[in-house]
Amino acid sequence: MPPIPDTIYFFGTCLVDLMYPQAGVSAMQLIQRAGVKVIFPPAQTCCGQPAWNSGYRDEARSVARAQIALFPKPIPIVIPSGSCAGMMKVHYPELFAGQPDEAQAVDVASRVYELTEFLVDVLHIELQDLGEPVTVAVHTSCSARREMGVADKIESLLGQLSNVQRVEHARKPECCGFGGTFAVKEPEISAAMVLDKVTHIRHAQPDRLISQECGCLLNISGTMEKQGDAIPHQHIAEFLWERTSMASTSLSQRTDRSLSEVEGNTTEGTP
Amino acid sequence: MTSTFRTTVRTNLAKPEVRANFYRAMDGLMTRRLDQFPDKAELERLRTQSMAIRANALSKLPELLETLEANLTRNGIQVHWAETTDQANQIVLSILQKHNAKSIIKGKSMVSEEMGLNHFLEALGIEALESDLGEFIIQLDHEAPSHIIMPAIHKNRIQIAKLFHEKFPDIPYTEDVDELTQMARRILRDKFYATTVGLSGVNFMVAETGTLCLVENEGNGRMSTTAPSVHIAVTGIEKVVESLSDVPPLLSILTRSATGQPITTYFNMISGPRKPGEKDGPEEVHLVLLDNGRSNIYSDPELLATLRCIRCGACINHCPVYVRIGGHSYGTVYPGPIGSILEPQKAGLDVHGELAQASTLCGACSEVCPVRIPIPSILNRLRYDGVRRDTANTNTVGSGKRRTLSEAATWKTWAWAATHPTIYHAGSSLATHFKGMLPTNLGAWTTVRSAPKLAESTLHQQVKNLGVDHE
């Protein structure tokens, strides 16, 4: 078991940055509350995955190289996304094989943790549920499940919450059809996949949908919304923070709370 | 421009009956496979062993093929080499002509599909009759297989009953599966005896002993390889294994991965023609070894893993894309994940390179592959080969042919922005600031989804207020 570090780097991912900043904020708050200092290198942009998966390796490498330079200290790099973590952990060594900076890429890869993995395996986080009873459906991302092999971590975190009941849905391990550029390049197949995913989740009648991947959430929730009758959805970090911080919000509250509320929570949660 | 693939996908997605057929079949196959591997550790051990057996065979492929040829010849099996499918067809034709044969009865063989053998022979007035039940059904309907193990999986019982009734109006209509099977069996039985030449595929070729192994359930494989006086086996050069002891683990993981069976009804080991004094078996056995691009795949260490495939179809059964679009959408002999890596390599990225895009890279295929083929990695490599500029550094056919100016420019711009944080963050801040003015119609994305909603402010902006070290 790795020791609990004093300090970690946080890589927010571009989707979190633009669409789900609250997930990033909550993730950092959870880590800070455990007494670990968080460094957020401001020059971070994107891990390079979109170009890598599209075959544009030179472009992916130049973007990846810029990120690698941001993490010089020998401390963990925590990422609130299975696919971006997978990009850095699994694909950076492939992308930089034979390059002059291969060693730095491998070093960065060796320090990458997906958020739920870090919370469970490194921080051994203990959660006290302060929220009202709620049922949730979990969508584990394919990257978290297969590339990173950490899909059980989100389940174990939710299992710690006494008032949270998990409901299962059909074909849970199946891909939601996002796949980054796949959703744009093969829109018909992607649409068929996400419509089925939405149907299965709706059948389970959860109060909320929780995932560790903002790409999947964007895809699934966007589809639910377009069809009407959206189920509230949240990134696991935001859900965990909400359930365990004193100022936990009520079920009906929208997920994109304003910054001022969050700031109010910051100090209360710190040990 | 809309490609043929996209058009076919659209058509097939709109057929609820076909989709339902695939769902039912694939759900059943996934469950049956799972039931065969109650011990996960045993499964992983067997996968590792099977991968090693196949990797070992490929690592010494030229040498093993020489040994194989020597031992097959010693056993009395005539070996023929074909670089192209045309050559393979000509070899089969010359054997038929030698025996003055006007028809051929076939056991199941994907390589013969690859050769387009039926069409080739029929154009010459030679009847090629499929004897595998699934192949028999789709041949009646003038279709191609939609799956490598279960060629007629896209049809349900009622559709098959109607088809039989249409083609054999003298036989009473029935929807009973056993009766339908018996009907096909009766029709085929006489053909086995009347036909001079039988053809089959091969699952494993054992170099050490010069043995051809054939896995099947219905007995048509055994009939095709024993009843006619001439047996022609056709297969790809990659199907060789080094020794007889390599076969049991591969056979075990093949049947369990494919149809969820612990063992199949028949396992044929063909080691030569009928010997003097023997009562049955063909008098001549031929093996046609087809290359058709395989040597080229073999020459690339990263793509070589493609050839480990033992054609179990587990990747197909578990693929969320295949289950929705069906095998015919691919427009290739091999569909699904294995088809998406094999076909672009065989025919060229310019021809089938689009298949490498038809994946979310979810990894369900590689998770179940019995020989651990890293399918998502190979898909990624093929995407790279498709758009790369240094095409001299790869042997992949059609390299660089998928590169378009507009897409290349898009990625170049993206990379420029993502390596200039000030620009990047100014852009994202602006986007969140003016999010109300962003378009709500985003083409493909918004056909079933609402447009993504940008946050009030980016994480970068919020971090400053969080007491996070912003170094």
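Just so we're clear, the structure is a prediction, and the values are computed from it rather than from any experiment. Residue numbers begin at 1 in each chain, while the letters A, B, ... track the order of the sequences.
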Notebook entry, point to check: Would A:Asp58 and B:Arg388 pass as an ion pair if we require N to O under 4.0 Å?
Noted result: no
Item checked: Contact check, side chains of A:Glu186 and B:Glu354, non-hydrogen atoms, under 4.5 Å -> yes
Checklist line | Contacting region of A:Met193 [heavy-atom separation from chain B under 4.5 Å] | finding: both
Checklist line | Flag side-chain contact, heavy atom, 4.5 Å: B:Ser359 against A:Phe182 | finding: no
Note to self: Between B:Glu407 and A:Lys185 (salt bridge meaning N to carboxylate O under 4.0 Å), is one present in this structure?
What the structure shows: yes
Notebook entry, point to check: Looking at A:Gln44, A:Arg57, A:Glu59, A:Glu188, which has the largest count of heavy-atom pairs under 4.5 Å with chain B?
Noted result: A:Arg57
Next item on the list: Go through the atoms of B:Ser428 and report whether side chain, backbone, both or neither lie under 4.5 Å from a heavy atom of chain A.
Entry: both
Checklist line | Donor-acceptor contact present, side-chain A:Asp17 to main-chain B:His460, <3.5 Å | finding: yes
Next item on the list: Check whether A:Cys176 gets within reach of chain B through its side chain, its backbone, both or neither, counting any heavy atom under 4.5 Å.
Entry: neither
Check: If you tally heavy-atom pairs under 4.5 Å against chain B, which of A:Ala66, A:Ser83, A:Pro50 wins?
Finding: A:Pro50
Next item on the list: Among the options A:Val16, A:Thr7, A:Ile220, A:Asp196, pick out the one with the most heavy-atom pairs lying under 4.5 Å from chain B.
Entry: A:Asp196
Next item on the list: Could you tell me which of A:Trp52, A:Tyr20, A:Phe178 has the largest number of non-hydrogen atom pairs under 4.5 Å with chain B?
Entry: A:Trp52
Check: Does any heavy atom of chain A fall under 4.5 Å from the side chain of B:Arg402, the backbone, both, or neither of them?
Finding: neither
Next item on the list: Could you please spell out the steps behind the side-chain contact (heavy atoms from CB on, under 4.5 Å) verdict for A:Gln32 and B:Val468?
Entry: CA-CA 9 Å; A:Gln32 285 179 324; B:Val468 164; 3.5 Å; yes
Check: Which residues satisfy the side chain to side chain contact (heavy atoms under 4.5 Å, CB included) test with B:Lys15, sequence neighbours excluded?
Finding: B:Thr11, B:Asn12, B:Val18
Notebook entry, point to check: Is A:Arg145 salt-bridged to B:Glu367, going by a charged N under 4.0 Å from an acidic O?
Noted result: no
Margin query: Only pairs of heavy atoms separated by less than 4.5 Å count here; which of B:Ala444, B:Ala418, B:Gly363 has the most with chain A?
Written below: B:Ala418
Notebook entry, point to check: For the atom pair NE2 (B:His420) and OG1 (A:Thr45), what is the distance rounded to the nearest 0.5 Å?
Noted result: 11.0 Å
Note to self: Under 4.5 Å from any heavy atom of chain B, what part of A:Leu18 do you find: side chain, backbone, both or neither?
What the structure shows: both
Item checked: Spacing of B:Thr360 atom OG1 and A:Glu174 atom CD [to the nearest 0.5 Å] -> 9.5 Å
Check: When only pairs under 4.5 Å are counted, which of A:Ala230, A:Gly12, A:Ala192 shares the most heavy-atom pairs with chain B?
Finding: A:Ala192
Next item on the list: Counting only heavy atoms closer than 4.5 Å, note whether B:Leu454 contacts chain A via side chain, backbone, both or neither.
Entry: both
Next item on the list: Answer with yes or no whether the side chains of A:Asn53 and B:Arg383 bring together a donor and an acceptor at under 3.5 Å.
Entry: no
Check: What part of B:Asp385 lies closer than 4.5 angstrom to a heavy atom of chain A: side chain, backbone, both or neither?
Finding: neither
Check: Rounded to the nearest 0.5 Å, how far does OG1 of B:Thr419 lie from CZ of A:Arg61?
Finding: 14.0 Å
Next item on the list: Against chain B, label A:Pro173 side chain, backbone, both or neither, depending on which of its atoms sit under 4.5 Å from a heavy atom there.
Entry: neither
Note to self: Given heavy-atom pairs under 4.5 angstrom as the criterion, report whether the side chain, backbone, both or neither of A:Arg171 touches chain B.
What the structure shows: side chain
Item checked: Greater than 12 external heavy atoms within 6.0 Å of B:Leu405's CG -> no
Margin query: Heavy-atom cut-off 4.5 Å, strictly under: side chain, backbone, both or neither for A:Asn219 against chain B?
Written below: both
Margin query: Using the rule given for side-chain contact (heavy atoms from CB on, under 4.5 Å), can you reason through B:Tyr424 versus A:Cys14, listing the C-alpha separation, both sets of side-chain angles and the distance that settles it, and then say yes or no?
Written below: CA-CA 10 Å; B:Tyr424 185 88; A:Cys14 48; 3.1 Å; yes
Note to self: Counting heavy-atom pairs closer than 4.5 Å to chain B, which one of A:Ser62, A:Ser141, A:Gly222, A:Ala23 comes out on top?
What the structure shows: A:Gly222
Item checked: Under 3.5 Å side-chain donor-acceptor pair for A:Ser190 and B:Arg449 -> yes
Checklist line | Contact class of B:Ser429 relative to chain A, heavy atoms under 4.5 angstrom | finding: neither
Checklist line | A:Lys226, NZ atom: more than 12 neighbouring heavy atoms under 6.0 Å | finding: yes
Notebook entry, point to check: Quick one: what part of B:Ala451 sits under 4.5 Å from any heavy atom of chain A, side chain, backbone, both or neither?
Noted result: neither
Notebook entry, point to check: Side chain, backbone, both or neither: which part of A:Val90 has a heavy atom under 4.5 Å from chain B?
Noted result: neither
Next item on the list: List the steps, then state whether side-chain contact (heavy atoms from CB on, under 4.5 Å) holds for A:Leu218 with B:Lys453.
Entry: CA-CA 9 Å; A:Leu218 192 69; B:Lys453 280 184 199 52; over 6 Å; no
Note to self: Please find the pair of heavy atoms, one from B:His425 and one from A:Ala43, that lie closest to each other, and give the distance.
What the structure shows: CE1-C, 4.1 Å
Margin query: Could you walk me through whether B:Trp414 and A:Val63 satisfy the side-chain contact (heavy atoms from CB on, under 4.5 Å) test, starting with their C-alpha distance in whole Å, then the side-chain angles of each, then the deciding distance to 0.1 Å, before giving a yes or no?
Written below: CA-CA 9 Å; B:Trp414 169 85; A:Val63 172; 3.5 Å; yes
